[in-house]
Amino acid sequence: MGVTGPIRVVVAKPGLDGHDRGAKVIARALRDAGMEVIYTGLHQTPEQIVDTAIQEDADAIGLSILSGAHNTLFAKVIELLKERDAEDIKVFGGGIIPEEDIPPLKELGVAELFTPGATTTEIVSWVNANVRQPAQT
């Protein structure tokens with residue numbers, strides 16, 4: 001397929017969560033690592049996030065969720081990507097996600113989840129290693 005150019009990542013804050021400092025830190029780290037980052041801002045619906053990712057020809061969507069609605073919001077984004085035939089866009093995320101919610105989210109199709117304490121270096125390394133490559137199973 002041979003996609004060239006920088007990896008394009010949409011960083012989004014879905015739902016009613018009003019805290020975006022973490023998302024901005026990640027967006028900056030990805031940008032500093034040479035990626036193109038589209039930051040959608042606060043209070044995005046899953047539909048808006050998926051629309052942006054498709055319009056921007058993104059390789060990945062990074063969701064930052066601190067509101068506790070991660071199960072619903074991740075599921076909706078994955079479902080919309082399937083409906084729009086855009087499952088090649090990898091979805092990863094971070095925030096306050098209980099350990100027990102991680103395996104079911106990964107089964108849904110979330111490629112990776114980062115919990116508080118994950119470093120920007122870890123996240124950048126993961127994106128570089130996993131986006132545009134087949135997921136390691």
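Because only heavy atoms are used, hydrogens play no part in the values below, and waters and symmetry mates are left out as well, while side chains stay in.
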Participant: If you round to the nearest 0.5 Å, how far is NE2 of His43 from CG of Asp20?
Facilitator: 8.5 Å
Participant: What pair of heavy atoms forms the shortest contact from Lys13 to Ala23, and how long is it?
Facilitator: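 The answer is CD-CB, 3.6 Å.
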Participant: Could you tell me which non-hydrogen atom of Val9 sits nearest to which non-hydrogen atom of Gly62, and how far apart they are?
Facilitator: CG1-N, 4.2 Å
Participant: Return yes if some donor-acceptor pair links the side-chain N/O of Gln48 with the main-chain N/O of Thr45 below 3.5 Å, else return no.
Facilitator: yes
Participant: Would Asp59 and Arg132 pass as an ion pair if we require N to O under 4.0 Å?
Facilitator: yes
Participant: Show the nearest heavy-atom pair for residues Ala29 and Thr120, with the distance to one decimal.
Facilitator: CB-CB, 3.6 Å
Participant: Test of understanding: with side chain to side chain donor-acceptor pair (under 3.5 Å), list the residues that count as partners of Asp57, not counting sequence neighbours.
Facilitator: none
Participant: Do Leu73 and Pro14 make a side-chain contact, defined as non-hydrogen atoms from C-beta onward lying under 4.5 Å apart?
Facilitator: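 The answer is yes, as the side chains (C-beta and beyond) meet within the 4.5 Å cut-off.
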Participant: Taking atom CD1 of Ile26 and atom OG of Ser64, what is their separation to the nearest 0.5 Å?
Facilitator: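 Going from CD1 on Ile26 over to OG on Ser64, the span is 8.0 Å.
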Participant: Can you name the residues that form a salt bridge (charged side-chain N to carboxylate O under 4.0 Å, His left out) with Glu87, not counting sequence neighbours?
Facilitator: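 Partners of Glu87 by the salt bridge (charged side-chain N to carboxylate O under 4.0 Å, His left out) criterion come out as none, since no residue qualifies.
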Participant: Calculate, to the nearest 0.5 Å, the distance between atoms CD1 and OG1 belonging to Ile65 and Thr72 respectively.
Facilitator: 9.0 Å
Participant: Between the side chain of Gln55 and the main-chain N/O of Thr52, is any donor-acceptor distance below 3.5 Å?
Facilitator: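 Checking the backbone N and O of Thr52 against the side chain of Gln55, no donor-acceptor pair under 3.5 Å is found.
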Participant: Taking all atoms of both residues into account, what is the closest heavy-atom pair of Leu81 and Ile89, and its distance?
Facilitator: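 Heavy atoms only, the tightest pair is CD1-O, 3.8 Å.
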Participant: Heavy-atom distance under 4.5 Å between the side chains of Val11 and Thr40, does that happen here?
Facilitator: no
Participant: Quick one: closest heavy-atom pair of Ala118 and Ile123, and the distance?
Facilitator: CB-CD1, 4.4 Å
Participant: Name every donor-acceptor pair, under 3.5 Å, that has one atom in a side chain of residues 92-116 and the other anywhere in the protein, sequence neighbours excluded.
Facilitator:
unit_1	atom_1	unit_2	atom_2	d
Asp101	OD2	His70	NE2	2.7
Lys106	NZ	Glu112	OE2	3.0

Participant: Heavy atoms only: give me the nearest Val124-Ala33 pair and the separation to one decimal.
Facilitator: CG1-CB, 3.5 Å
Participant: State whether Lys82 and Glu79 are salt-bridged, where the test is any N-O pair (Lys NZ or Arg NE/NH1/NH2 against Asp/Glu carboxylate O) under 4.0 Å.
Facilitator: no
Participant: Just verifying a value: how many Å separate Ile61 CD1 and Ile54 CD1, rounded to the nearest 0.5 Å?
Facilitator: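 Between Ile61 CD1 and Ile54 CD1, I get 7.5 Å after rounding to 0.5 Å.
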